[in-house]
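On a predicted model such as this, the values are computed, not experimentally measured, just so you know. The chains referred to below are lettered A, B, ... by the order of the sequence lines, with proteins before strands, and numbering in each begins at 1.
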Amino acid sequence: MEPDHRDHRCHRPSAFDKMEGLVREMQDTEHGGVPVRSQKLFLTSIPAAFMGYDLIEWLMERLGIEESEALNLANQLCQYGYFFPVSDSKNLVVKDDSSLYRFQSPYYWPWQNRPPDNVEYAIYLAKRTLRNKQRHGLEDYELEALSNLRKNLANKWDFITMQAEEQVKLSKVLKKGDKIISDSQERAYWRVHRPPPGMVTSLEQCPVPTRSWNGSRTRKRTIEDCRRDVELLKNSLSRTRVKVSQALEGMVQHVETYAEYDPLITPTQPSNPWVSEDTTYWQLNSALVEIPTEKRVRRWALSMEELVSDPTGLQEFTNYLRKEYSHENIRFWMAVNDLRRSAQSQIQRKVNEIFEEFLAPGAPCEINIDGKTMEKVHQEMKAPSRFTFDAAQEHVYTLLLKKDCYPRFIRSEYYKNLLATGIQPSQKKRFFGFGQTKKKTSTSSAPNQQLLQQQPSQGATVTCGALSKRRGSDRSLSGSAHELAVSGVKDSKVPHSHSQSNLSDIPYRGDLACLPKTSPIAAPVTSPVKKPSIAIVAGASTSEEVCPWESGNEPRSRKNSAQLDSGSSSSDISVAVAEVSERVQRVCTLTQQHTVDGSRKLSTSTMDPPRRASVSVPITHSTTTGDSSKRKVSSFEDNSSAATSTSSSVFVIPSDTDNKAEECTSTSKTVVKNHGLAKACSVTGANAPIISVSSVADDLPVDSKVEEEAEATCSQQEPLAPLAEPDSESPASELPPSEPITEVEVDTEAKSNDVCPWEDDNPVQAKTCSITASAQRTLNPP
Amino acid sequence: MNELDSLRQEAETLKNAIRDARKAACDTSLVQATASLEPIGRVQMRTRRTLRGHLAKIYAMHWGSDSRNLVSASQDGKLIVWDSHTTNKVHAIPLRSSWVMTCAYAPSGSYVACGGLDNICSIYSLKTREGNVRVSRELPGHTGYLSCCRFLDDNQIVTSSGDMSCALWDIETGQQVTSFLGHTGDVMSLSLSPDMRTFVSGACDASAKLWDIREGLCKQTFPGHESDINAVTFFPNGYAFATGSDDATCRLFDIRADQELAMYSHDNIICGITSVAFSKSGRLLLAGYDDFNCNVWDSMKTERAGILAGHDNRVSCLGVTENGMAVGTGSWDSFLRIWN
């Protein structure tokens, strides 16, 4: 019977085959189906019924699933009308108890026939009105439906009543038990197909005009269609097929490589904003970021596509190439991408612009493509379209960018520095009781309120400035040096984002600088040995004051400001680098520092990164004594610059520390709390700074991971001593000890100014200020 | 007529030859190839947010590229743009036709599109000078309902339709640039490749097709399903895609190997699939089912890794954010849920 039906059956999802198969198995009592029998309920006996828990048990056993799932499945089948509750005609719900259910007759299964029409419904309702009121009385909604139908089907009403009477007559012949069963089945059927108002029905389809594909609706296939099909099939046959093993290998590799970047598999750092309500993650990972997270930078090394699909990655890549005076390729590539997304009306103009800039003989940024491709371009130029330069772009992308520039970028010192300075918003394990509590990685990108709020707190959290060995420092150092080395004194000329970023970083990393210096190569993996030295430095520089916390305050603020500057500048960079640079210089004294830095580097260090590193180390040491003072100075500058620059810009750094703190405690959700924590931390830090330092040093050697973390913490905290600062300072090393104090004060003021935007934090700010003040005091003694 | 017959015959022989060629390339199975892969364990996700505001069944949702905002379409005749983190409604857009079946968020975040039984793809501009949301373009031309649409960029959009075709539109001019013909049933879903140069479509002819957007040609056809394909989604590396069908299975197809690699099904899954999406790495395949649940498949081991239970009606749409942080599901129970 199946095949017969199938032909005129309307479109039927084949999932129903599976359902019917399962239901048939259930009904097969002889071979272990659901036990169906006549059930006794008080005095009445209910024929052909089974109990809810028998059904659930059967499903669990048969399919090897849990109870909840079995229940869900049973409910689904019930909704589709394969069985129904005997005593409840309103709700199609299966319960895992002794309530009774009965199988629907296959005749009434869904999709066995066309969906019922209103005439059938009218007959059914009319039939019930002819029968015993008590047992077959109509519900309110059914009465309403009946009266509506009577109106709408007035011309057929005679036929309908006749049919109803006929059916009633026929049913009288049945035995009582059978009658009960068939009545209930019919009723259940209509319950499914004409549900009471407000009830959902699983049979409801998308309101789509019949989605039939094997039936009536197919368009007459023309010879054209067939020809096209054959053509496609021929192409398809001749195509080369990769072996499945090879395809799978690629897929498995992809899955393994990216598991780490899949937040549903590997939890995100610092925290999942959906759970923690802390949006730091988003700030850290927004499209354009001053300082990307380390993880993000690492990801760029996976493939060229990863790099250029990340706006920040693309920007850094461009900056790198610009430094090498070979960025015309990437610019061309971007211009063609832009062309492809342009409105039709602008295509002509853009095509010409691109041609003039990159391809015309003697063009200002002529790209190097072979004659054949050039010819193609010329041909395409006759009818400009979105795809005019596709061939050239492909050429540039695969041959120049991907095979040459990209690998060079990934191997470059520039990239390594990015990696080294990358933020590591890891959840801190606490091995530093006090300092750790507060850490937040800062992101430069999003001007988030939270961040802002957090900033003050960060300020509060002073980290071991002296200690800090951020990778950041590394980057800034080498980066700037690199620039210098490459381009000579081209500050004005190549105002890279990079340089800017360096600037921004510098304040930050200054503290960190120590580390990077020690480790010539990648900052992140600072060797334990170095750390100790750092610690020492810290100790030397400021006995107790060193406490990172206090020092941190100032640096932080600076950082923030610096970041602001850098952030804004960086974003601009892409647009107009030169402008940015100018502005940056104007805005912040930092720039000056930077330049100083750079010049210094030039003089002192050659291009070798390692060398620089070594050089720098001494510098830091020397500076360490004056560190505090320097920091203050720098911070001061930063603050001022920040204030001037723009409140709107993004600061993030502080937030990082906060986040971490949050994580550590895992309790504090509100920023305010963080602040409080920060305060506490700072206080404690002040008390036991030395200890913390030493502990850090010890830990580092033990385990690289720990080290990293320490670094991260340091880095976060370390806003303290930016590289630039030391350098700048050293020149100005004359700073008398007394100076620091005054500066600090200034600092606090500046901070307060900065803070203003985030007023919520005011109290916190005040606290931080006081803290800093105390810190300064402590510093002063030495 | 004779020519038609001979063409049909030729097509038949070609199909057989292709089948053989595919078999020849199939030298291993997914299970074998991933035997050494670490098991993923049980994936447990919870509802982090419930977005309440629609008054009727939700038919479609799409994440914005910021991984935070999303747009949903409901048959109460509204598009709602949500900030899924705060659960605030950013925009509520009343539609001219309430029979909406799909919606899409432009990568730039400036536009949303929707369409349905009105056969028209309507583009709404979210960032107008006046600050209100208004129709910026209507794209008529399909002769069947609009089943899916996805922006290439602010100027181009690809649509699929119940008229068995897909189309590329220039939004500025409102013209259909390319028509993608070849399916023999309603096209239900499309998914753009990561490089935006190709897309796959799934249709009621139980086949999926790969199309070249620029050339407007079908590059490959993937048979295998026994019933309508309701949903397709690209594997993150762009070399494979997954489909969800009314035959209660999801399948994985590889483009370079030109064939089906895996099937995701279970004895106790006996209902159709409405929507599919991969996690960021591709390891997890999430699928929305008619039985009110979403199943999380370990795509490499073809085992079920988890289940998202919470909706009170069929799950009609599902999406993973671009950064992979969260999963959004929309249901006929009129709610959207955010999971991770």
*So, A:Gln393 side chain and A:Trp333 main chain: donor-acceptor pair closer than 3.5 Å or not?*
yes

*Interchain contact, B:Leu7 with chain A, by part (heavy-atom threshold 4.5 Å)*: both

*Pick one of side chain, backbone, both or neither for B:Leu252, based on which atoms fall under 4.5 Å of a heavy atom in chain A.*
side chain

*asked:* We want to know whether A:Arg386 and A:Gln344 form a side-chain donor-acceptor pair, criterion being a heavy-atom distance below 3.5 angstrom.
replied: yes

*Residue part contacting chain A, namely of B:Asp247, when any heavy atom lies under 4.5 Å*: both

*Give, as side chain, backbone, both or neither, the part of B:Met45 having an atom under 4.5 angstrom from any heavy atom of chain A.*
side chain

_Electrostatic pair B:Asp154:A:Arg341 at N-O distance under 4.0 angstrom_ = no

*Would you mind checking which part of B:Ser84 comes under 4.5 Å of any heavy atom in chain A, side chain (CB onward), backbone (N, CA, C, O), both or neither?*
both

*Say whether, by atom type as modelled, one donor and one acceptor occur between the side chain of B:Thr34 and the main chain of B:Met300 under 3.5 angstrom.*
yes

_Region of B:Glu38 that comes under 4.5 Å of a non-hydrogen atom in chain A_ = neither

*Say you draw a straight line from CE of A:Met26 to CG of A:Leu77; how long is it, rounded to the nearest 0.5 Å?*
5.0 Å

*Proximity breakdown for B:Ala24 and chain A, heavy-atom pairs closer than 4.5 Å*: backbone

*Heavy-atom distances under 4.5 Å only: say whether B:Met325 touches chain A with side chain, backbone, both or neither.*
both

*B:Asn293 versus chain A, heavy atoms under 4.5 Å apart: side chain, backbone, both or neither?*
side chain

*Please state whether the side chain, the backbone, both or neither of B:Ile40 comes within less than 4.5 Å of a heavy atom of chain A.*
side chain

*Could you tell me which portion of B:Ile338 (side chain, backbone, both or neither) has an atom closer than 4.5 angstrom to a non-hydrogen atom of chain A?*
side chain

*Check each atom of B:Arg197 against the heavy atoms of chain A and say whether the ones under 4.5 Å are side chain, backbone, both or neither.*
side chain

*Got a second to check how far A:Asp229's CG is from A:Lys234's NZ, nearest 0.5 Å?*
12.0 Å

*Side chain, backbone, both or neither of B:Pro194 within contact of chain A (heavy atoms, under 4.5 Å)*: neither

*By a 4.5 Å heavy-atom criterion (distance strictly below it), what part of B:Asp267 contacts chain A: side chain, backbone, both, or neither?*
both

*With distance as the sole test, does A:Thr268 use its side chain to make a donor-acceptor pair with the main-chain N or O of A:Pro263 at under 3.5 Å?*
no

*asked:* If we count only N and O atoms by modelled type, under 3.5 Å, do the side chains of A:Thr257 and A:Gln253 hold a donor and an acceptor together?
replied: no

*Centre of A:Trp274's six-membered ring, under 6.0 Å away, within 45 degrees of the axis: is that where NZ or CZ of B:Arg48 sits?*
no

